[in-house]
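Values in this document were obtained by computation on a predicted structure and should not be read as measured data.
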Amino acid sequence: MIRTLALLAAVWLALPAGAADKFVFGTNWKAEAEHGGFYQALAEGRYLRYGLEVTIREGGPQVNHNQLLAAGVLDAAMISNNAEALNFLKHDIPMVTVAAFFQKDPQVLLTHPGSPIRSIAGMKGRPIMISADARDTWWRYFELRFGFDESQIRRYTFNLAPFLVNPDAIQQGYVTSEPFMAQNAGVRPRVFLIADTGWPAYSTLVTVSKALAAKRPSVVQRFVDASIEGWYSYLYGDPTPGNLLIKKTNPDMPDTLIGYGIAKMKEHGIVDSGDALKLGIGAMTEARLGAFFAAMARAGVYPAAMDHMAAFDLGFVNKGHGMGMRR
């Protein structure tokens, strides 16, 4: 902590008065390891080094950061996957997605250890607890890929209790959290990462207004570059500065869950795999975005004639920025 404060002081002294641009970034949930790279960049003074005075506003069940972004309260918002970016476009909301910090969607399906199920394909015809958001994204993909049907859907209320008491239950979750909570409750679940089925979505994307991207591209680029460095530092360096800031922001977050989240992100290549291995963290490619759109168009979610690439701007990523920090 002393080292971090000293770094912040040095950065502030190096900047002329009033030089830093204010920038407000909204995350999609309460502060957690899955946001670690952004908190690391803030704690280590990386945003200040790029001339940005960044405020991170955590999300939560009663927070709609997409509305706040559209209203101009936020300069950037974290969205969960490509579908949110396409929904902005579909509804003529002038937003553009500029970076994808998770190469793999961290969502999973959980079964009990005694379940005979050995794959997601084997879940066809069985009741599955999912969220409303999942119903319009990866569930539609599974309907085409595995023959899933809406009759299987049961409501997931973000409460593990119904799963824990039913040995036949199947429930969605995040690879970085729900398996940990189930283990603490005495159930060591089988974990099936939906990205391993070929689900092509990126996750934890950063979206800004088209006006900001067009009129102040330097601000967007600096935020993206500093965030990329923050993620490399968080994964391959000492994550302590980011973790301290996460816990300050969200005091209910235990060290054990943070450590579990970091370990699982590394184990499954959630952040640094796929396109990111060659193009750097935050990477997006037309091929991958096209594969996602094609799958969703086949599922009837979007019209096939929609110009899906209008929802994304690849000009801020794919430059290999920060790759030298990888160890």
Donor-acceptor list for residues 122-135 side chains, cut-off 3.5 Å, not counting sequence neighbours:
{"from": "Ser131", "atom 1": "OG", "to": "Ala134", "atom 2": "N", "distance (Å)": "3.3"}
{"from": "Ser131", "atom 1": "OG", "to": "Gln172", "atom 2": "OE1", "distance (Å)": "3.3"}
{"from": "Arg135", "atom 1": "NH2", "to": "Glu150", "atom 2": "OE1", "distance (Å)": "3.1"}

Can you give me every donor-acceptor pair (side chain of residues 303-310, partner residue at least two apart or in another chain, under 3.5 Å) with its distance?
none

Would you list the atom pairs, donor with acceptor, under 3.5 Å between side chains in residues 210-218 and any protein atom, with sequence neighbours excluded?
{"from": "Arg216", "atom 1": "NH2", "to": "Asp21", "atom 2": "OD1", "distance (Å)": "3.2"}
{"from": "Ser218", "atom 1": "OG", "to": "Arg222", "atom 2": "NE", "distance (Å)": "3.1"}

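There is a path of hydrophobic side-chain contacts, each under 4.5 Å, that joins Ile79 to Trp139. With hydrophobic clusters built from ILVMFWY side chains whose heavy atoms lie under 4.5 angstrom apart, Leu314 does not share a cluster with Leu279. Under the 4.5 Å side-chain heavy-atom criterion for Ile, Leu, Val, Met, Phe, Trp and Tyr, Val73 and Val206 are members of the same hydrophobic cluster. There is a path of hydrophobic side-chain contacts, each under 4.5 Å, that joins Met325 to Ile270. Tyr202 and Leu277 are members of different hydrophobic clusters when ILVMFWY side chains are connected at heavy-atom separations under 4.5 Å.
Within 6.0 Å of atom NZ in Lys248, 12 or fewer heavy atoms from other residues, nucleotides or ligands are found, so the atom counts as exposed in its surroundings. Within 6.0 Å of CD on Glu286 lie no more than 12 heavy atoms contributed by other residues, nucleotides or ligands. Counting non-hydrogen atoms of neighbouring residues, nucleotides and ligands closer than 6.0 angstrom, the CZ atom of Arg188 reaches no more than 12 such neighbours.
To the nearest 0.5 Å, atoms CE (Met78) and CD1 (Ile56) are separated by 8.0 Å. Between Glu267 atom CD and Thr176 atom OG1 the span is 11.5 Å, to the nearest 0.5 Å. Atom CG of residue Leu74 and atom OG of residue Ser209 lie 11.0 Å apart, to the nearest 0.5 angstrom.
A donor-acceptor distance shorter than 3.5 angstrom exists from the side chain of Tyr302 to the backbone of Ala83, with no hydrogens or angles considered. The closest donor-acceptor contact from the side chain of Arg46 to the backbone of Ala43 lies at 3.5 Å or more, if one exists at all. At distances below 3.5 Å, at least one donor-acceptor pair connects side-chain atoms of Gln103 with backbone N or O atoms of Asp275. With Arg49 contributing its side chain and Ala226 its backbone, the two residues share no donor-acceptor pair below 3.5 Å. Looking only at distances, no side-chain donor or acceptor of Arg140 sits under 3.5 Å from a matching main-chain atom of Met296. Listed for the Gln183 side chain is no donor-acceptor partner under 3.5 Å among the backbone atoms of Phe180. Side-chain atoms of Thr27 come within 3.5 Å of backbone atoms of Gly59 as a donor-acceptor pair (strictly under, hydrogens ignored). Between the side chain of Tyr232 and the backbone N or O of Gly280 there is no donor-acceptor pair closer than 3.5 Å. Although no hydrogens or angles enter the test, the distance criterion places no donor-acceptor pair under 3.5 Å between the side chain of Gln40 and the main chain of Gly230.
Minimum heavy-atom separation, Pro113 to Val187: CD-CG1, 3.9 Å. The shortest non-hydrogen separation linking Val208 to Ala76 is CG1-CB, 3.7 Å. Residues Val317 and Ala99 share a closest heavy-atom pair of CG1-CB, 3.7 Å. Contact between Tyr141 and Ala295 at its shortest, heavy atoms only, is CD1-CB, 4.0 Å.
For the residue pair Glu84 and Thr207, no side-chain donor N or O sits within less than 3.5 Å of a side-chain acceptor on the partner. For the residue pair Glu58 / Asn250, no side-chain donor-acceptor distance below 3.5 Å is found, with atom types taken as modelled. Looking at Thr240 and Asp238, their side chains do bring a donor and an acceptor atom within 3.5 Å of each other. Under the 3.5 Å distance criterion, with hydrogens and angles disregarded, no donor-acceptor pair is assigned to the side chains of Asn166 and His112. Side-chain contact annotation: Trp138 with Asp105, donor-acceptor N/O pair under 3.5 Å absent. Under the 3.5 Å distance criterion, with hydrogens and angles disregarded, no donor-acceptor pair is assigned to the side chains of Tyr39 and Asn243.
For Arg326, the salt bridge (charged side-chain N to carboxylate O under 4.0 Å, His left out) partners two or more places apart in sequence, or in a different chain, are Asp272. Listed by chain and number, the residues in a ring pair (Phe, Tyr, Trp, His ring centres under 6.0 Å) with Phe223 are Phe23, Phe25, Tyr47 (sequence neighbours excluded). Partners of Tyr156 under the side-chain hydrogen bond (donor to acceptor under 3.5 Å, both in side chains) rule, at least two apart in sequence or in another chain, are Glu178.
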- Could you walk me through whether Asn28 and His35 pass the side chain to side chain contact (heavy atoms under 4.5 Å, CB included) test, one step at a time? CA-CA 9 Å; Asn28 62 354; His35 307 154; 2.9 Å; yes

- Run the side chain to side chain donor-acceptor pair (under 3.5 Å) check on Ser151 and Asp149 step by step: do they pass? CA-CA 5 Å; Ser151 65; Asp149 184 86; 2.8 Å; yes

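Salt-bridge check for Lys22 with Asp75: failed, with every basic side-chain N at 4.0 Å or more from each acidic carboxylate O.
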